[in-house]
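The block underneath contains the structure these notes are about, expressed in structure tokens.
Proteins come first, then strands; the chains are lettered A, B, ... in the order of their sequence lines, and each starts at number 1.
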Protein chains: 2
Amino acid sequence: MENQSASRVKTTETSFEMLEALFQEGEATREELEERLGMATSTVHRHLATLQEYGYVVRGPEGYRLSFKFLTFGGFLRREVPGYSMVKQKIDDLASQTDERAQFIIREGTDRVYLYTEIGDNPVQTGAHTGRRGPIHSSAAGKAIVAFLPAEEREQVIDSISLEQTGPNTITDPERLREDLAEIRERGYALNREESTAGVHAIGAPVTVNDDEIIGAISVSGPATRLKSDRLENELPDLVLAATNELELHIEHS
Amino acid sequence: MENQSASRVKTTETSFEMLEALFQEGEATREELEERLGMATSTVHRHLATLQEYGYVVRGPEGYRLSFKFLTFGGFLRREVPGYSMVKQKIDDLASQTDERAQFIIREGTDRVYLYTEIGDNPVQTGAHTGRRGPIHSSAAGKAIVAFLPAEEREQVIDSISLEQTGPNTITDPERLREDLAEIRERGYALNREESTAGVHAIGAPVTVNDDEIIGAISVSGPATRLKSDRLENELPDLVLAATNELELHIEHS
DNA sequence: AGACTATTCCGATATTGCGGGAAGATTTGG
DNA sequence: CCAAATCTTCCCGCAATATCGGAATAGTCT
């Protein structure tokens, strides 16, 4: 079935391959790109000229690199998320209340994307995860989002998830995932015990506005040794649910 | 001279025009894009398929929109900035010390780009400016960067700046700008009195590592009524310079 | 200042993007 | 639950234009 690519634009794909290469290389000379992509000098040059014209690529000290246009677009998109202006405060509160990492994520297809994160006691790393992605099924916040989707959409998402394993307890069986999601719906929040990363537990809950529109999810995560027993199953869920409720109210009243 | 565009890739330009349109529209149907760009249904469709394949565009509830891949790329690029992991703490400190807005910017050509901002007393809006751009000559931090560039590069930048007016006192004359930059070099910091925005003053200083490599600049900005006389010319410059010095040391010792 | 390297320009070939229309899928209304 | 309407996707011929290789120009280093 090669007609998959028949409905795509090959020239644009070439330009995008160049962007991906620059993303991975960080900074590359025209020659490096030439080799990496197996293209003629003039071709690489012409594409780079176009990428620069639109501001996606700039010249660095020793080669070409991606520009901050991506941050410009990304930052703008983030501000467009309904209620985003109130997310920061809630996450900061939650981080200092729990002294753990708190985060707000959204779903994009079968990925979770971190829009804002903060750490309680260690304020050095804020924003360290901004824009990061991961499969949606292997995190508490991700599962919380999927759990509360309308049944049909939910099934569609489950079917298209790769269910790849990223941690010791990652759910890799669709049926097992459905059971977990049902539990999450009953409880109102999601748990993740070393499903995304070894040694990390997390609690997540969805942020829902207008009764059924899920705009994202909030979660708290930290070392398994600190997030366990009563704290994991009562104290932290209460705090997370309080945060999501407050956020929902703030959004609806604005 | 139409041979400007002769060395560019038109198909990629078309794809990029679509991205720009989606950026401005926020979310658009295929038909809206068709009209806006004056292209055939199949063409728009083919380009959108390609943009989706590479993850730059996703389908929203009522049309197509830009994806958070831009934030993923942008967030990654930001983390690559030397010393970025220490920027947050310094900016947060500066914001709470001054109770004003503090920011870290970098230069990209003749633009300044905000990488991180924080407000002292009002923590609601953090990150509200992430990724935003403006002409480099109309801000304190921007001028601080240009002022300390090597003479040659500095002239090159001055020559390519548009010198557009964005505030009541924006410098629009190259000679006037050169004088101001010389003053900034003597003083060690830059002032901006309503040059970028009416009613806003700011103090900025460059962040330099390895003796001459300018990685960005820090500035504090606020209402002209609060940032004036001794505070503007002594107290705040001291704080800003202390912050840049500390940041420089942290970066060099890491 | 001269040699070397890197960048940009140019022209011929054929690949591939384009528009129009048909087929297929999905939604809306009766 | 079926039919009409609408939106999305596919296909095909034509011509635009992306590609490659090489030459000219600009830039850099010794």
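Distance check: Glu213(B) CD to Glu252(B) CD gives 9.5 Å after rounding to the nearest 0.5 Å. Phe70(B) contributes atom CZ, which lies 6.5 Å from atom CZ of Phe70(A) (distance to the nearest 0.5 angstrom).
Between Thr12(A) and Tyr64(A), it is Tyr64(A) whose nearest contact on DNA chain C lies nearer the 5' terminus.
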- Message: Go through it in stages, so that I can follow the logic: the residues are Phe76(B) and Arg132(A), the test is side-chain contact (heavy atoms from CB on, under 4.5 Å), and I'd like the CA-CA distance, side-chain angles, deciding distance and then a yes or no.
- Response: CA-CA 8 Å; Phe76(B) 181 85; Arg132(A) 286 219 177 138; over 6 Å; no
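A heavy atom closer than 4.0 Å to some atom of DNA chain C occurs in Arg30(A), Thr41(A), Ser42(A), these being the qualifying members of residues 19-42 of chain A.
OP1 and OP2 of dT7(C) both lie 4.0 Å or more from every side-chain N or O belonging to His45(A). The side chain of Arg46(B) places an N or O atom within less than 4.0 Å of a non-bridging phosphate oxygen (OP1 or OP2) of dC18(C). Distances shorter than 4.0 Å separate some side-chain N or O of His47(B) from OP1 or OP2 on dC18(C). OP1 or OP2 of dG17(C) sits under 4.0 Å from a side-chain N or O of Thr11(A).
Between the CG atom of Leu48(A) and the P atom of dA18(D) there is a distance of 15 Å, rounded to whole Å. The NZ-P distance, from Lys10(B) to dG19(C), rounds to 11 Å in whole Å.
Of the residues listed (Lys143(A), His137(A), Gln165(A)), the one engaging Glu195(A) in a side-chain hydrogen bond (donor to acceptor under 3.5 Å, both in side chains) is Lys143(A), and it is the only one.
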